[in-house]
Protein chains: 2
Amino acid sequence: MTEPQPKGSPTVGRRERKKARTRAAIQHEALRLFGEKGYDRTTMEEIAEAADVSASTLFRHFSSKEALVLTDEYDPLIIGACRSQPAELGAVEAIRRGILGVFEHMSEEALADIRVRAELAVSVPSLRAAMLDQLAQAIRDVTTIVAERAGRTSDDFAVATLAGAIMGVMLAAELYWVEHPESELFALVDDALAHLERGLTL
Amino acid sequence: MTEPQPKGSPTVGRRERKKARTRAAIQHEALRLFGEKGYDRTTMEEIAEAADVSASTLFRHFSSKEALVLTDEYDPLIIGACRSQPAELGAVEAIRRGILGVFEHMSEEALADIRVRAELAVSVPSLRAAMLDQLAQAIRDVTTIVAERAGRTSDDFAVATLAGAIMGVMLAAELYWVEHPESELFALVDDALAHLERGLTL
DNA sequence: CTCCTGTTTGGGAGTAACTGTCATTAGTGT
DNA sequence: ACACTAATGACAGTTACTCCCAAACAGGAG
């Protein structure tokens, strides 16, 4: 066990850096091509070509074409942010603040990226479909958070129901956002969760 | 314009009946094979073989492998049932009664079918994914119903939020049901919507 | 520097879900 | 019986994805 990172590099050696760069390059080229030519009209081979890697390598980094669009690193951040909210807050409020906290610290670039992905994810059937896997994972995560704050187990049906409602209103916000381009995602998510906390009265 | 249906046949002629029978046979064999061999280990050709049709015909009836599991005829029934609830009921209550009304009139066989599908839809990634398309459509349908009852437009964000919450709690009920086989789907859906109407208090 | 080890990559063969086309068959209205 | 349309079948082609094996390469030990 000699020191793993001798100098400035905070995480790892050249190997992993190269890997990360390759991965980023692939995703970058993929999103570019999807934007230029359309998702369906872009083949995995073209993406591999553009990123100057073999098709094998592409599939090792991204297990599916959908993953090229849907993969991001925000979910763990949001979960952490929700968890670290003051304990006296209710679950919905904690999640609301957690989400908005993460959004606030994002660059304009990253936000634009999210919008592109969301538009793709809504307009391309196979992507729209693949999103549910993310949604299901999100429901599980939310269930855990809700259970923690309520002092109940994740098996509690009331907890599951609330988690479902939370993800439901957030999904509705996202869909509304894509259909109304002039709106702002944060504001909608904020509104939706606030509306939920007030009991969804019309 | 001579009379389309001369005798007792309420809808159509032999051609469409045959078509419907072929379609039903395909789906039946598909679900059987999926149950026996597993979804991934069953090919479209095997299904075509088992239903005694060509692969072409299979794809004409079901545009994708997922559609074989996810296609059903209940959504329009449920929508109709919700619409025909007394006008004085709130949206959530109308939907609750509409859904339970349809479920009540279903045979044990049909219910078992639904269970098999739900289990497949949860356990098989590509199906889990494809469900979101159904979910999105359901959210749109629910949005319409909610808007009607609230005397608002479908563009109203509060309406969209409520619709999202309704589908969210129903999805949560379905997921809970699959994870807790001893529970009853109706009861869970009923509970979930009732919980929602009471404001999702823990 | 040199060898050794484990990881990343590339290449190629193979599978299976689709797609499109065209000829054939089978119901339907006249 | 005859024409018309809808359903089917057969076939070739595309593409996402998997498996496998060999080459290149980074990192540590002698």
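Letters A, B, ... are given to chains in the order of the sequence lines, protein chains preceding strands, and every chain is numbered from 1.
Per the geometry, CZ belonging to A:Phe62 stands 21 Å off P belonging to D:dT15, to the nearest Å. B:Phe59 has its CZ atom 16 Å from the C1' atom of C:dT21, to the nearest Å. In this structure, A:Arg41 atom CZ and D:dT15 atom C1' are separated by 15 Å, rounded to whole Å. Protein atom CD of A:Glu49 is 16 Å distant from nucleotide atom C1' of D:dT15, rounded to whole Å. Across the protein-nucleic acid pair, B:Glu66 atom CD and D:dA16 atom C1' stand 13 Å apart, rounded to whole Å. In this structure, the CG atom of A:Leu58 is 10 Å from the P atom of C:dG10, given to the nearest Å. Put simply, CE on B:Met44 is 17 Å from C1' on D:dC17, counting in whole angstrom units. At whole-Å resolution of the value, CD in B:Glu45 and P in D:dG9 are 13 Å apart.
A salt bridge (Lys or Arg N to Asp or Glu O under 4.0 Å) with A:Glu46 is found for one member of A:Lys37, A:Lys65, A:Arg32, A:Arg41 and no other, namely A:Lys37.
In this structure, B:Ser56 reaches the bases: a heavy-atom distance under 4.0 Å links it to at least one base atom across the strands shown. Nucleic acid contact for B:Thr42: sugar-phosphate only, since backbone atoms but no base atoms lie under 4.0 Å from a heavy atom of the residue.
When distances run from any side-chain atom of B:Lys65 to the nucleotides C:dG20, C:dC18, C:dG12, the shortest one goes to C:dC18.
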Nucleotide by nucleotide, 5' to 3', does protein get under 4.0 Å of the base (B), only the sugar-phosphate (S), or neither (-) in nucleotides 1-8 of chain D, counting heavy atoms? ----BSSB
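B:Ile79 contributes atom CD1, which lies 12.0 Å from atom OG of B:Ser84 (distance to the nearest 0.5 angstrom). Taking CD from A:Glu36 and CD from A:Glu29, the interatomic distance works out to 9.0 Å, rounded to the nearest 0.5 Å.
The 12-atom threshold is not exceeded at CD of B:Glu108, counting heavy atoms of other residues, nucleotides or ligands nearer than 6.0 Å. The local environment of NE2 in B:His28 is sparse, with at most 12 non-hydrogen atoms from other residues, nucleotides or ligands closer than 6.0 Å.
Not one N or O on the side chain of A:His195 forms a donor-acceptor pair closer than 3.5 Å with the backbone of A:Asp191. At least one donor-acceptor pair under 3.5 Å links the side chain of B:Arg152 to the backbone N or O of A:Leu202.
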